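Written below as structure tokens is the structure these notes are about.
In this text the structure is predicted, and so the values were computed from the model without any measurement. Reminder, nothing fancy here: chain letters follow the sequence lines and each chain counts from 1.
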Amino acid sequence: MYLRKLLISSKNSLQMEYNFREVEKNWQAYWAKNKTFKTEDTSAKPKYYVLDMFPYPSGAGLHVGHPLGYIASDIFARYKRLKGFNVLHPMGYDSFGLPAEQYAIQTGQHPEITTKTNIARYREQLDKIGFSFDWDREVRTSDPGYYKWTQWIFIQLFNSWYNPETNKAEPITALINKFRSGTLTIEGGWGQVWDTLSEKQQSDILLNYRLAFLSDTMVNWCPQLGTVLANEEVKEGVSERGGYPVERKLMKQWSLRITAYADRLLTDLDQLDWTESIKEAQRNWIGKSEGTSLKFKVESSKFDEVIEVFTTRPDTIFGVSFVTLAPEHELVEKLTTLEQKKAVEEYIVFAKNRSERERMADVKKITGVFTGSYVIHPFTGKQVPIWIGDYVLAGYGTGAVMAVPGHDSRDYAFASHFEIEKLIIIQPPVDWDFADKSYDEKEGKLVNSDFLNGLEVKAAIKKIISVIEENKLGKGKTNFRLRDAIFGRQRYWGEPIPVYYENEIPKVLNENELPLLLPEVDKYLPTETGEPPLARASSSWKYEGKFEYEYSTMPGWAGSSWYFLRYMDAFNDKEFVSKEAAAYWQNVDLYIGGAEHATGHLLYVRFWTKFLNDLGLIPVSEPAKKLINQGMIQGVSAFVYRLVLTVSKNPEDNDGANTLSLSDLPPVFISEKFFNILKENKNNEEAVKAYLRFANETGAINDRIKERQRKTIGNLNFGDPKYLQVNSLHVDVNFVNNNVLDKEIFKNWREEYKNAIFITEENGDYICGSEVEKMSKSKWNVVSPDLMVEQHGADCLRLYEMFLGPLEQSKPWSTSGISGVSNFIRKLWRLYHNGDVLNISEEPASRPELKTLHKTIKKISYDIENFSFNTSVSNFMICVNELTELKCNKREILEPLAILMSPYAPHIAEELWNKLGHTESITYAKFPECNESYLIESSFNYPISFNGKTRFFQEYDRSLSKEDIEKEILTLDQTQKYLEGKTPKKIIVVQNKIVNIVI
RNA sequence: GCGGAUAUGGUGUAACGGUAGCCACGAUAGUUUUAGAAACUAUUGCGAAAGCGUACAGGUUCGAUUCCUGUUAUCCGCACCA
């Protein structure tokens with residue numbers, strides 16, 4: 001068998017098919033050796049900066065989805081070089097992060113080692129695909145030479161405040177001067193003479209202004225990960241990485257004051273050439289809403305308190321029938337009356353212990369409690385009850401709302417549940433049924449609203465705001481949904497925050513003391529007292545030997561918020577980037593990456609860019625002019641279906657406490673057909689019985705189970721589907737071929753499957769289910785690019801990934817079409833060869849050959865400029881098909897074709913270029929220009945349509961006038977046939993396009 | 001619920017408002033081959049044909065896959081943000 005294969009392959013090599021393995025290896029070595037893609041820092045050429053989103057080097061390596069964007073950006077970078085640009089196209093690694101640390105916790109291996117290994121693997125994979133990265137500029141965020149500058153930027157943030165008057169960041173010293181001189185009032189009752197305040201007091205005041213600041217904040221605490229998470233690291237109430245529950249917790253934390261930039265982050269979006277969906281996602285995330293604050297006086301003989309609410313609908317003030325406070329609201333305790341004390345306290349405990357996930361999962365479940373107190377309505381003077389409800393978020397607005405159940409669906413639901421009065425103050429459409437839902441629209445005339453009666457909503461809002469402001473009850477206000485970014489992580493593998501504490505005052509290190517190196521620790525876990533892993537560092541790890549450092553580290557996005565700048569000047573140890581480099585490279589011209597970074601990375605990098613720009617350190621205020629989001633390449637997961645029988649004594653019992661688990665039985669897997677039968681057939685009594693019989697016969701049921709079965713199962717109704725469940729389990733796609741499972745490999749996969757029993761299709765095959773999902777290790781559906789390169793070559797992988805469809809569209813990975821691309825490459829090769837010999841003619845090209853070439857030049861140029869890489873691949877195929885048909889082997893045609901191909905399939909292009917006699921790399925050749933004169937035809941084959949439907953074709957000279965064509969057309973027999981004797985109403989002739997005859 | 005995107009053969013997809021299905025995959029038949037694979041040739045939206053066909057229903061237009069309105073489905077993001 002082996003021998004035969006060998007014979008065949010040697011026979012093939014005799015035919016001298018294109019040997020991609022050898023060619024690709026050679027050129028990759030050539031590029032590395034000659035530093036072909038090294039970028040000059042200065043150049044007479046115009047600059048162009050093409051950047052891929054920073055990869056996190058995960059242990060799983062690259063899968064076929066990752067290179068999609070890299071291939072696209074590489075094509076563009078190579079194209080721009082051919083067009084005469086000085087192209088910066090770097091690559092590096094976002095190498096701090098959770099997974100390496102989780103691995104360290106499990107194995108004790110230092111995350112640095114894990115990270116290095118993973119990076120090496122990434123590099124190896126990237127190199128195989130033939131990217132034109134300038135590897136001399138590679139950066140790693142976990143490198144002290146890099147994170148020194150991340151820490152440096154943090155210090156700049158700490159030493160800055162946001163001046164609302166100039167609307168930019170300024171040195172904190174400017175603020176201190178304002179306090180000193182009394183230009184600015186010191187808020188919070190500290191006294192007004194700055195220099196009389198203690199250092200601690202001054203520090204506390206400044207923390208309210210610094211862009212990097214320490215404060216008590218409600219954070220997303222993830223106990224399993226032992227750290228705080230940012231809002232966008234939490235998805236559906238669980239951690240994005242790992243899927244662990246997250247709870248709200250009050251903690252002293254470092255944060256960045258991104259909210260200061262909210263408005264600029266919002267308005268500057270308009271200038272960016274980014275996809276609408278990303279811009280929209282950012283707009284939503286920033287969540288600007290304009291409204292007004294409004295004060296309600298609490299009715300009390302004992303104290304003088306005011307509840308301030310934020311509303312965007314002040315016009316509905318006369319519809320207020322209660323006020324709701326968030327459970328965490330500071331006035332809750334004070335406002336609770338003696339009678340309500342117990343109920344309120346119970347509720348607060350309930351609300352606190354309810355995890356974020358629970359709270360989100362049952363948004364529909366309405367919970368709340370009455371405080372027993374009332375506020376006075378500012379206009380009617382009536383009593384309005386104060387409630388507590390967890391539908392009000394502590395972190396937004398003032399943590400209190402004025403509830404207008406008639407015109408706000410959330411208030412409506414709350415009021416319905418607790419039977420609170422609903423007032424109608426806007427005239428809804430005639431058939432509106434308030435028993436069903438509230439009327440939330442901002443349209444209609446106001447009623448029952450005293451001085452607002454008869455006004456339209458918009459006018460009413462205007463009027464009420466002026467009345468509120470006149471009476472000093474509140475003022476117009478803008479709120480943002482965006483929260484300050486929590487910056488501390490109670491983790492090991494991140495940049496140490498360059499801060500130490502002297503008498504509880506946080507102080508930053510001096511610039512010359514950077515970097516603050518990550519200390520060694522014995523374990524990567526929190527200490528017994530719950531302090532972050534850095535607290536485990538040796539006792540000598542102290543500032544000046546005596547002051548404790550900050551123990552939390554920076555989040556994953558710190559290093560990635562400015563990396564595009566570092567590539568400009570990757571190894572500068574004097575500055576994070578030199579003024580000259582920043583001035584030359586400006587910002588990224590083309591940024592390609594996944595849409596999943598829409599709100600995290602892309603918002604933070606914009607924030608840091610604006611900040612550095614404010615300080616005059618860089619000349620741009622946005623990181624990337626154009627952004628393209630490549631679509632996700634999804635995996636096609638395979639499933640096996642495992643039967644699980646659970647029986648409870650009491651059918652009403654849902655909690656599983658009385659469940660009889662039959663886990664002692666060998667696992668049973670049913671093929672797809674049976675799965676479908678079970679799914680459709682609700683009554684599965686037969687299936688359960690058959691299963692038990694089967695288990696019995698195979699001796700799988702042991703005595704213990706038999707006993708319980710006798711006791712319990714006898715009385716149960718098997719018709720209830722909950723007794724027999726089918727669990728879908730992911731199975732490694734590599735065990736599956738055309739949905740058929742390799743049963744033996746599967747059995748050896750895991751110990752528990754060793755005795756697995758398969759219920760197969762008639763032919764003995766076990767058919768797996770399949771589903772399109774995200775490609776990930778945990779779903780066992782990862783396809784690696786290495787395998788593709790090994791089998792088909794890098795050029796083929798590059799072309800195929802582009803051929804799959806539009807770059808921005810998500811699609812499941814399927815290898816089925818790759819042979820078409822593979823054939824194309826061989827066909828291209830044959831164009832230049834006769835058998836195994838290069839066969840190039842120096843004769844001038846014929847007119848049809850030139851036409852094919854120039855048509856292709858035109859299309860490819862258009863496609864690249866429009867990032868339509870899929871169509872360029874088919875255009876190459878058309879071109880090669882046509883040239884093959886013409887038996888063209890002219891240098892005049894094939895040389896430009898090689899250049900045209902080189903951004904897409906650089907290896908074969910270099911090889912052909914070299915064989916054509918060039919000694920320099922094709923990288924810096926000149927992209928061919930389209931000569932339109934070759935494309936012009938003397939005549940045009942007009943489609944002749946009747947009422948818009950094409951019936952036949954007629955060729956006319958291109959210069960023939962509309963009138964003449966019209967005359968000619970009418971003389972044709974065909975025309976008369978379709979006219980059926982009628983006179984045309986109208987004849988439309990579009991020159992060199994179409995003729996349409998209207999009957 | 002809000003926002004964004006998408007919808008075309010068996011499949012991936014292509015069409016500046018102007019011939020719907022380019023280019024591939026797959027399939028069918030044939031040539032070659034001990035067989036398989038590969039290569040090559042032909043056919044391949046549906047329909048016997050007239051004709052009908054771009055998710056569905058309207059509209060604008062001489063002409064709509066393309067523009068507009070509404071509906072449905074799918075995917076993605078956000079979600080009690082007052």
Side-chain angles (χ1 to χ4, degrees), chain A residues 4-5 8 11-12 15 17 231-232 235-236 275-285 287-289 291 309-314 316 324 326 359-360 363-366 389-393 395-404 408-411 413-414 440 479-483 595-596 598-599 629 631-632 634 772 774 800 803-806 808-812 814-821 823-824 826 862 868 870-879 881 941-953 984-990 992-999:
Chain A
R4 176 164 290 166
K5 268 188 183 163
I8 290 167
K11 191 177 140 202
N12 282 347
Q15 287 171 346
E17 284 286 292
N231 286 343
E232 68 288 339
K235 302 269 141 123
E236 288 167 17
T275 55
E276 204 43 48
S277 63
I278 293 280
K279 291 205 234 179
E280 203 50 40
Q282 294 216 345
R283 285 188 194 112
N284 287 342
W285 196 259
K288 182 176 183 170
S289 65
V309 302
F310 173 74
T311 177
T312 55
R313 293 294 303 274
T316 60
T324 317
R359 203 178 65 79
M360 285 173 161
V363 163
K364 295 269 142 42
K365 193 171 154 191
I366 292 151
D390 70 354
Y391 80 98
V392 178
L393 304 176
Y396 184 76
T398 57
V401 301
M402 60 176 227
V404 185
D408 181 287
S409 49
R410 295 153 304 188
D411 298 337
F414 194 85
D440 294 9
N479 257 324
F480 292 95
R481 213 172 66 97
L482 184 73
R483 308 294 152 83
E596 65 272 22
T599 48
N629 297 113
M632 207 183 1
Q634 292 135 316
V772 171
K774 194 174 164 179
Y800 183 61
F803 189 58
L804 276 176
E808 305 193 56
Q809 205 165 294
S810 286
K811 51 230 154 194
S814 149
T815 321
S816 59
I818 202 165
S819 63
V821 175
N823 289 342
F824 160 73
R826 282 202 292 273
Y862 178 86
S868 172
N870 55 326
T871 51
S872 28
V873 178
S874 34
N875 281 323
F876 281 128
M877 288 173 172
I878 293 167
C879 174
N881 287 346
N941 201 16
Y942 281 88
I944 314 299
S945 58
F946 292 78
N947 290 337
K949 290 215 183 296
T950 308
R951 299 300 181 185
F952 63 93
F953 293 90
K985 283 183 189 149
K986 202 171 176 185
I987 299 179
I988 288 114
V989 179
V990 184
N992 300 323
K993 273 259 164 71
I994 200 166
V995 176
N996 190 18
I997 300 166
V998 185
I999 310 172

Margin query: Using whole Å, what does the distance between atom C1' of nucleotide rC78(B) and atom CG of Asn284(A) come to?
Written below: 6 Å
Item checked: Out of rU13(B), rC25(B), rA82(B), whichever nucleotide has its closest atom nearest the side chain of Asp408(A) -> rA82(B)
Notebook entry, point to check: Measuring from Asn875(A):CG to Asn870(A):CG, what's the distance to the nearest 0.5 Å?
Noted result: 10.0 Å
Checklist line | Sugar-phosphate, base or nothing in reach of Phe953(A), heavy atoms under 4.0 Å | finding: base
Note to self: Applying a 4.0 Å non-hydrogen cut-off, can you work out what Glu276(A) is touching in the nucleic acid: base, sugar-phosphate, or nothing?
What the structure shows: nothing
Next item on the list: Check whether any side-chain N or O of Arg826(A) sits under 4.0 Å from OP1 or OP2 of rA39(B), and answer yes or no.
Entry: yes
Note to self: Is there a side-chain contact between Asn992(A) and the phosphate of rG18(B), meaning an N or O under 4.0 Å from OP1 or OP2?
What the structure shows: no
Checklist line | Nearest-angstrom distance from the residue atom CZ of Arg283(A) to P of rA5(B) | finding: 11 Å
Note to self: On the nucleotide rG4(B), are OP1 or OP2 found under 4.0 Å from the side-chain N or O atoms that Asn629(A) carries?
What the structure shows: no
Item checked: Any strand: nucleotide that pairs with rC75(B) via Watson-Crick or wobble, under 3.5 Å -> rG4(B)
Notebook entry, point to check: Taking a pair as Watson-Crick or G-U wobble with both distances under 3.5 Å, which nucleotide is matched to rA64(B)?
Noted result: none
Check: Once the angle between the rings of Tyr396(A) and Phe310(A) is folded into 0 to 90°, is it parallel (under 30°), tilted (30 to 60°) or perpendicular (over 60°)?
Finding: perpendicular
Check: Any idea which of rC25(B), rC80(B), rA15(B) is nearest the Asp390(A) side chain?
Finding: rC80(B)
Margin query: Counting the atoms with a prime plus P, OP1 and OP2 as sugar-phosphate, which does Asp411(A) contact under 4.0 Å by heavy atoms, base, sugar-phosphate, or nothing?
Written below: nothing
Check: For Ala400(A) and Ser868(A), take the nucleotide of RNA chain B holding the closest heavy atom to each; which residue's nucleotide lies nearer the 5' end?
Finding: Ser868(A)
Item checked: Any strand: nucleotide that pairs with rC25(B) via Watson-Crick or wobble, under 3.5 Å -> rG10(B)
Checklist line | Phosphate OP1/OP2 of rG12(B): any Lys811(A) side-chain N/O under 4.0 Å | finding: no
